[in-house]
Number of protein chains: 2
Amino acid sequence: MITNKNCIIRLSRYKNALYRLRDLGFVKVFSDNLADAIGVTASQVRKDFSLFGITGNRKGGYEIASLLEKLGGILGKDRIERVIIAGAGHLAYALMHYRGFEKEGIKIEAAFDIDPLKFAKNAQIPVLPMEEMKDFVVSNNIKVGVLAVPEVGAQRAADTMFAAGIKGILNFAPLRLKAPNDCAINNVNLEIELENLVYFVNVLEKKG
Amino acid sequence: MITNKNCIIRLSRYKNALYRLRDLGFVKVFSDNLADAIGVTASQVRKDFSLFGITGNRKGGYEIASLLEKLGGILGKDRIERVIIAGAGHLAYALMHYRGFEKEGIKIEAAFDIDPLKFAKNAQIPVLPMEEMKDFVVSNNIKVGVLAVPEVGAQRAADTMFAAGIKGILNFAPLRLKAPNDCAINNVNLEIELENLVYFVNVLEKKG
DNA sequence: ACTTTATTGTGATTTAATTCACAATAAATT
DNA sequence: AATTTATTGTGAATTAAATCACAATAAAGT
Ligand SMILES: NC(=O)c1ccc[n+]([C@@H]2O[C@H](COP(=O)([O-])OP(=O)(O)OC[C@H]3O[C@@H](n4cnc5c(N)ncnc54)[C@H](O)[C@@H]3O)[C@@H](O)[C@H]2O)c1
Ligand SMILES: NC(=O)c1ccc[n+]([C@@H]2O[C@H](COP(=O)([O-])OP(=O)(O)OC[C@H]3O[C@@H](n4cnc5c(N)ncnc54)[C@H](O)[C@@H]3O)[C@@H](O)[C@H]2O)c1
C-alpha cells in the first residue's frame with residue numbers, strides 16, 4: 001500500500017495530462033511524454049507505474065485509454081465522489097459555484113452551517129443546519145467533507161463531521177485538526193502557501 | 001540556502017504555534033512542545049532550527065519572542081507583503097473578503113480582470129483592467145500575485161503578471177504554468193487535493 | 001529471418017530527509 | 001561546590017525518495 005503523498009499526487013497529474021493528450025487525439029504515450037507534461041523525469045514516471053503494477057509495452061509505450069482506466073481505479077475515479085461542506089461562507093460559495101469539480105467526478109451534495117441566514121433547503125446545493133449533517137451523511141453514504149468554518153469553530157465542526165461518519169476532511173481552517181486515526185486530513189493553508197511563496201521569491205532574488 | 005519546501009512550511013507552522021503559545025502567556029518553549037503543537041518529532045524541530053542557525057539555551061529551551069523574530073526574519077514577515085490577484089471571480093472574492101491575511105501581514109492590494117463588469121476602481125480593494133497591472137505592480141513594487149483565472153486564460157494571465165514584474169504566483173488554475181526561472185510558482189489544485197484525500201480514505205478503509 | 005532501434009521495467013545507486021543518540025552544558029538541587 | 005537533571009545542538013545512522021543504468025524485449029527495418 002503506497003502512502004507517499006507526492007507519488008499519489010503525481011498519479012493525479014499523469015491522469016490529467018492523459019486526458020488532455022487523449023482529447024488531442026493521441027492513443028499512445030511514452031514515459032518521457034508524460035514526464036515532460038508534468039515536469040518530472042521519465043524514470044520517475046516508470047517507477048511510479050511500476051509501484052502500482054502498471055505496465056506498458058516495451059518499445060510501444062502505454063495505451064492512454066487503459067492507463068486512464070488503471071489510474072482511475074487507483075484514485076477511486078471509477079465512481080462519482082460525493083462530498084459535503086461544513087461552513088457555507090465565502091469559500092464554500094466559491095466551491096459550490098465551481099464547475100470544474102464535475103468533470104473530475106466530484107459532486108458537492110450539500111453544505112451545513114450554524115447561521116440560519118445561510119440555510120437554503122431547496123437550493124440546487126442545499127445549505128442545511130449542522131444538526132442535519134449526520135442524517136444526510138449516513139443516508140447518502142458520504143465519506144468526504146470540506147471544512148470551511150472559521151478557525152474558532154473548526155475543531156467542533158470537524159468533530160460533528162467525524163460523528164456523522166466522514167472519513168476524510170479537506171481542511172481550509174488554519175489549524176491542526178485532531179482526528180480519529182481512521183480518518184484522513186488534507187490541509188490547505190493559504191496563509192502558509194503565500195508565506196512559503198514569499199520565502200522562495202526572496203531566495204530567488206538573492207540568488208539571481 | 002535551504003530549499004526544502006516542507007522545511008519552510010514547518011517554519012511557518014512553528015511560527016503560528018508560537019503566536020498561540022505567546023498569546024496564552026508563555027515566554028519560553030521547548031523543542032518537544034513545538035513538536036507536539038505541529039505534529040513532528042522534537043529532533044525535527046531542533047534540526048530545522050539548527051539549519052537556520054537558530055539556537056536556544058541548553059536546559060532553558062527557546063525564548064518565544066526571540067524565536068518569533070528570527071522565524072519572521074527568515075520568512076520575510078518583517079514587513080507587510082503586498083499582493084495582487086489576477087481574475088476577480090468567485091475565488092478572488094473569497095480571498096478579498098478574508099480577514100485572516102491581515103494578521104499574517106499579507107495585504108491584497110488589487111485584483112485585475114478582463115471583464116468590464118468586474119471593474120471597480122474605487123472599491124476598498126480595486127478591481128482594475130488587466131492592462132493596468134504593469135503600472136500598478138511597478139509603482140507599488142509588488143512581487144507576489146495570486147492567479148485565479150479559468151484554466152483557458154491562465155497562462156496568458158501569468159505571462160502578463162511576469163511581464164509586470166511579479167516574481168511569485170500562487171496558482172489556483174489546474175494546470176502547470178510555464179514560468180521564467182527567476183520566478184516561483186506554488187500550485188493549489190483543489191481537484192487534486194480532493195482526489196488525494198479520496199485515495200487515502202480508501203487506503204484507511206482497506207487497512208481498518 | 002536477422003538486425004537495429006526504441007522503450008520499458010526494475011534492481012542498484014545516489015541523494016535527500018528524518019531520526020537517533022549522545023556529548024555539551026545550563027539550571028536546579030543537595 | 002559538587003551533583004543531578006533536563007535540554008540543546010549536531011554528527012552519525014537510518015529511512016525514504018528519486019535517479020541511474022542497463023538487460024529485456026517488442027516493433028520496425030533490411
Ligand atoms: N476565504 C478565504 O480566502 C480564506 C483564505 C484562507 C483561509 N480560509 C479559511 O477557510 C475557512 C472559511 O473561510 P471563509 O472565508 O469561507 O469564512 P466565512 O466567514 O465567509 O464563512 C464561514 C461560515 O462558517 C459558518 N460557521 C461558523 N461556525 C460554524 C460551525 N461551528 N459550524 C458550521 N458552520 C459554522 C459561518 O456561519 C459562515 O457561514 C476559515 O477557516 C478561513 O480561515 C479562507
Ligand atoms: N472556485 C473554486 O472553488 C475553484 C476550485 C478549484 C479550482 N479553481 C480554479 O481557480 C480559478 C478561479 O476560479 P473561480 O471559481 O474564481 O473562477 P470564476 O469563473 O469565478 O472567475 C474567473 C475570473 O477570471 C476572469 N478572467 C477570465 N480570463 C481572464 C484573463 N485572461 N485575465 C484576467 N482575468 C480573466 C473572469 O472574468 C472571471 O472574473 C480557476 O482556474 C479555477 O479552475 C477554483
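It should be emphasised that the depicted structure is a prediction, and the values quoted were computed from it without experimental measurement. Here is the naming used below: chain letters follow the sequence lines, and residue numbers restart at 1 for every chain.
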Is the shortest side-chain N to carboxylate O distance from A:R20 to B:E151 below 4.0 Å? yes
Checking side-chain contact (heavy atoms from CB on, under 4.5 Å) against B:K5, which of B:I2, B:T3, B:I9 comes through? B:I9
A:S50, nearest nucleotide to its side chain (from C:dA21, D:dT7, C:dT10): C:dT10
What integer distance in Å separates B:L67:CG from D:dT8:P? 11 Å
Check ion pair A:E81-A:K143 (N to O, under 4.0 angstrom): no
Answer yes or no: does a side-chain N or O of B:Y62 lie under 4.0 Å from OP1 or OP2 of C:dA26? no
Here the distance between atom C1' of C:dT8 and atom CZ of A:F52, to the nearest Å, is 18 Å
In whole angstroms, how far is the P atom of D:dA17 from the NZ atom of B:K5? 17 Å
Separation of D:dT7 atom C1' from B:E63 atom CD, nearest Å, is 16 Å
Pick base, sugar-phosphate or nothing for B:F49, based on heavy-atom distances below 4.0 Å to the nucleic acid. nothing
Heavy atoms, side chains only, cut-off 4.5 Å: are B:I54 and B:Y14 in contact? no
Quickly work out the B:F30 CZ to D:dT5 P distance and round it to whole Å. 17 Å
Assert: residue with more 5' nearest nucleotide on DNA chain D, out of A:K59 and A:Q44, is A:Q44
Is there, by distance only and without an angle test, a donor paired with an acceptor across the side chain of A:R58 and the base of C:dT8 below 3.5 Å? yes
Whole Å only: how far is the CG atom of B:N33 from the P atom of D:dT7? 9 Å
Mind checking the CD1-CD spacing from B:I108 to B:Q124? Nearest 0.5 Å is all I need. 11.0 Å
Is A:E63 salt-bridged to A:K28, going by a charged N under 4.0 Å from an acidic O? no
Can you tell me if the side-chain N/O atoms of B:R10 get under 4.0 Å from OP1 or OP2 in C:dT18? yes
Phosphate OP1/OP2 of C:dT25 contacted by B:N57 side-chain N/O (<4.0 Å): no
Measure from the side-chain heavy atoms of A:K47 and tell me the nearest of D:dT19, D:dT8, D:dA27. D:dT19
Applying a 4.0 Å non-hydrogen cut-off, can you work out what A:D32 is touching in the nucleic acid: base, sugar-phosphate, or nothing? nothing
When the distance from CD1 of A:I54 to P of C:dT7 is rounded to whole Å, what number comes out? 20 Å
Under-4.0 Å side-chain N/O to phosphate OP1/OP2 contact, B:N6 with C:dA16: no
Side chain of A:N4 only, please: which of D:dA18, C:dT5, C:dT18 is the nearest? D:dA18
A:S43 side chain N/O closer than 4.0 Å to the phosphate oxygens (OP1, OP2) of D:dC20? no
Side-chain N or O of A:T41 closer than 4.0 Å to phosphate OP1/OP2 of D:dT19: yes
Identify, between B:K28 and B:D48, the residue whose nearest nucleotide on DNA chain C lies closer to the 5' end. B:D48
